[in-house]
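Keep in mind it's a predicted model, so treat the numbers as computed, not measured. Heavy-atom basis, side chains included; hydrogens, waters and symmetry copies ignored.
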Amino acid sequence: MHGGGKRAVAIWPRRHGKDDVALHFTACAAHERVGTYWHLLPQQNQARKAIWNAVNPHTGRRRIDDAFPKELREATRDDEMFIRFKTGSTWQVIGSDNYDALVGTPPIGVVFSEWALSDPQAWSLIRPILLENGGWSIFITTPRGRNHAYRMFQMAEQSNDWFAERLQADETSVFTADQLATERAELVAERGEGDGEAIYEQEYMTSWSAALPGAYYAKVIDKLEKDGRLTTVPYNPARQVHTSWDLGAADTTVIWFMQRTDFGGWAAIDYIANSSVGVDWYVKEIKERGYLYGEHLLPHDGDNQQLAQPDAGSIADTVRDLGLNNVRVVPRTPSVANDINEVRKVLPMCVFDKDKCAHGIDALRSYRRIWDEKLKAYRDAPLHDWASHPADAFRTFAMGKPQERDTASTPIRRNIRGIV
């Protein structure tokens, strides 16, 4: 990067200094080129804990004070986790769940920390900004299964324009063999053999194949991939396409496009995810795809008037007024756990378009339970992060059970391997 490189991805084990390396590089960059620099973590509360307030155990000082000595600063704003340097450059640590609120001040250098746990939509928004202004980006993480971070690393390894490196803890000098053995044993004792081994393999051996602890659907998605059901899925014009939504106001709205197969299963043929746009934008996108539509399934808050514009009725009413027919609101059920079990029943019957639905597939793999550190047990509730919205939109589909009506006397049959 000091030699002029613009892209880097480092898959380094726990305690290998990923964030510290990135912070110190950013300090140099901010004094070589005046501009805006960001350090992104998956969520805003993580950003404060892991970077802004964190103390380096080797120096006894805050990490930001090690990387950005106060003598270099013109201003420091604790409430915004923001630093302005005397050169005129600025640096801020933020959550990638809040990236769209900052697009008015385009960055020229961005660090994506814990990239495997971050919303990949953040990079989709930021990458054209950096491409236009010649900026750089660094992605640092340990693996979390074969998701967007895995695909990025595979791409970067084959690219002359990227630095790509994956290290295992037993290849570095951070821990001795005895320390690693002890850590492995303690993780197994604390979390059980399954989770303990998976955490060790991910965090220390940087394994892409280790199971994602607490994941609801990861094993099912892995089985679908093994069976060839993450593939290219063409639209069948002889059958209806149903949409299934999760709604967000300031949050992300997600829509799956589902079509019944000729073998009794379901095909996810398309997918939309966006934020900070109105309902009219989604309706326009749906219409422009040109599919023959059946039902449009909205979650229970589709009847919520507060999500729509004042005096415009509910989201469901707005969607109808904008020209979509057969809009149905799927009622809230008393048990999220039961809903998740319904999704588990539906997923094995599905085939997914691996390109159009890539973001949604990653989310289904990453959707997981909350681990309670105090109780040393999983809570009976899912973690709310970037993966929640795609998973909830698919849950709307599983609970809504679209009503299928044939639109041709002889459906077009397509040979898609593995559909049941």
Is there a donor-acceptor pair under 3.5 Å between the side chain of [X] and the backbone N or O of [Y]?
{"X": "Ser244", "Y": "Leu297", "value": "no"}
{"X": "Gln43", "Y": "His384", "value": "yes"}
{"X": "Arg395", "Y": "Ile340", "value": "no"}
{"X": "Arg368", "Y": "Leu212", "value": "no"}
{"X": "Arg184", "Y": "Tyr200", "value": "no"}
{"X": "Lys18", "Y": "Pro13", "value": "yes"}
{"X": "Lys356", "Y": "Ala268", "value": "no"}
{"X": "Asn147", "Y": "Asp362", "value": "no"}
{"X": "Trp256", "Y": "Pro390", "value": "yes"}
{"X": "Tyr217", "Y": "Leu347", "value": "no"}

Query - Asp20/Asn56 under side chain to side chain contact (heavy atoms under 4.5 Å, CB included): CA gap, chis, key distance, verdict - result: CA-CA 9 Å; Asp20 289 329; Asn56 185 334; 4.2 Å; yes
**Report entry** Candidates Trp123, Phe153, Trp12, Phe163 - the one meeting ring-ring contact (aromatic ring centres under 6.0 Å, His included) with Phe139
**Finding:** Trp123
With no hydrogens and no angle check, just 3.5 Å: does a side-chain donor-acceptor pair link [X] and [Y]?
{"X": "His39", "Y": "Asp19", "value": "yes"}
{"X": "Thr318", "Y": "Asp321", "value": "no"}
{"X": "Thr142", "Y": "Glu203", "value": "yes"}

Query raised in the report: Is the Tyr150-Trp208 ring centre distance short of 6.0 angstrom?
Result: yes
Query raised in the report: Hey, would you say the Trp266 and Phe394 ring centroids sit under 6.0 Å apart?
Result: no
Report task. Give the C-alpha distance, both sets of side-chain angles, the deciding distance and a yes or no for side chain to side chain contact (heavy atoms under 4.5 Å, CB included) between Tyr282 and Ile315. Result -> CA-CA 12 Å; Tyr282 299 99; Ile315 284 285; over 6 Å; no
Query raised in the report: Can Arg33 be said to sit on top of Trp136's aromatic six-ring, NZ or CZ under 6.0 Å from centre and within 45° of the ring axis?
Result: no
Query raised in the report: Taking only residues two or more places apart in sequence, or in another chain, which ones meet His58 in a ring-ring contact (aromatic ring centres under 6.0 Å, His included)?
Result: none
Query - ring-ring contact (aromatic ring centres under 6.0 Å, His included) partners of Phe68, counting only residues at least two apart - result: Phe85, Trp91
Check ion pair [X]-[Y] (N to O, under 4.0 angstrom):
{"X": "Lys6", "Y": "Asp161", "answer": "no"}
{"X": "Asp301", "Y": "Arg332", "answer": "no"}
{"X": "Asp317", "Y": "Arg320", "answer": "yes"}
{"X": "Arg15", "Y": "Glu183", "answer": "no"}

Take atom [atom1] of [X] as the centre, draw a 6.0 Å sphere, and report whether it contains more than 12 heavy atoms from other residues, nucleotides or ligands.
{"X": "Lys70", "atom1": "NZ", "answer": "no"}
{"X": "Glu288", "atom1": "CD", "answer": "yes"}
{"X": "Lys401", "atom1": "NZ", "answer": "yes"}
{"X": "Asp79", "atom1": "CG", "answer": "yes"}

Query raised in the report: What do the steps show when you test Phe112 against Val9 for side chain to side chain contact (heavy atoms under 4.5 Å, CB included), and what is the final call?
Result: CA-CA 9 Å; Phe112 291 85; Val9 54; over 6 Å; no
With a 4.5 Å cut-off on side-chain heavy atoms, are [Y] and [X] touching?
{"X": "Val283", "Y": "Lys287", "value": "yes"}
{"X": "Ser118", "Y": "Leu40", "value": "no"}
{"X": "Arg328", "Y": "Leu298", "value": "no"}
{"X": "Pro402", "Y": "Met258", "value": "no"}
{"X": "Tyr271", "Y": "Val254", "value": "yes"}
{"X": "Gln259", "Y": "Asn236", "value": "yes"}
{"X": "Arg365", "Y": "Asp222", "value": "yes"}
{"X": "Ile126", "Y": "Trp38", "value": "yes"}

Any chance you could measure [X], atom [atom1], to [Y], atom [atom2], to the nearest 0.5 Å?
{"X": "Arg73", "Y": "Arg84", "atom1": "CZ", "atom2": "CZ", "answer": "14.0 Å"}
{"X": "Ser366", "Y": "Leu117", "atom1": "OG", "atom2": "CG", "answer": "7.5 Å"}
{"X": "Glu285", "Y": "Arg289", "atom1": "CD", "atom2": "CZ", "answer": "5.0 Å"}
{"X": "Asp66", "Y": "Thr59", "atom1": "CG", "atom2": "OG1", "answer": "3.5 Å"}
{"X": "Leu383", "Y": "Arg369", "atom1": "CG", "atom2": "CZ", "answer": "12.0 Å"}
{"X": "Ile64", "Y": "Met81", "atom1": "CD1", "atom2": "CE", "answer": "10.0 Å"}

Query raised in the report: Would Ile199 and Arg14 satisfy side chain to side chain contact (heavy atoms under 4.5 Å, CB included), going step by step from the backbone distance to the final call?
Result: CA-CA 11 Å; Ile199 293 170; Arg14 184 184 291 186; 4.1 Å; yes
Minimum heavy-atom separation for [X] to [Y], with atom names?
{"X": "Gly88", "Y": "Val34", "value": "C-CG1, 3.8 Å"}
{"X": "His242", "Y": "Gln240", "value": "CE1-OE1, 3.8 Å"}
{"X": "Leu23", "Y": "Ala67", "value": "CB-CB, 3.7 Å"}
{"X": "Leu130", "Y": "Gly109", "value": "CD2-N, 4.2 Å"}
{"X": "Gly35", "Y": "Ile108", "value": "CA-CD1, 3.6 Å"}
{"X": "Ser314", "Y": "Gly302", "value": "CB-O, 3.3 Å"}

Report task. Return each pair, listed once, that meets ring-ring contact (aromatic ring centres under 6.0 Å, His included) where at least one residue sits in residues 166-198; pairs must be two or more places apart or across chains. Result -> Phe175-Tyr204
Once the angle between the rings of [X] and [Y] is folded into 0 to 90°, is it parallel (under 30°), tilted (30 to 60°) or perpendicular (over 60°)?
{"X": "Tyr291", "Y": "Phe257", "value": "perpendicular"}
{"X": "His296", "Y": "Tyr293", "value": "tilted"}
{"X": "His148", "Y": "Trp386", "value": "perpendicular"}

Report task. Determine, step by step, whether Arg48 and Asp78 satisfy the salt bridge (charged side-chain N to carboxylate O under 4.0 Å, His left out) criterion, reporting the C-alpha distance in whole Å, the side-chain angles of both residues, the deciding distance to 0.1 Å, and the verdict. Result -> CA-CA 10 Å; Arg48 180 169 292 278; Asp78 182 77; 3.6 Å; yes
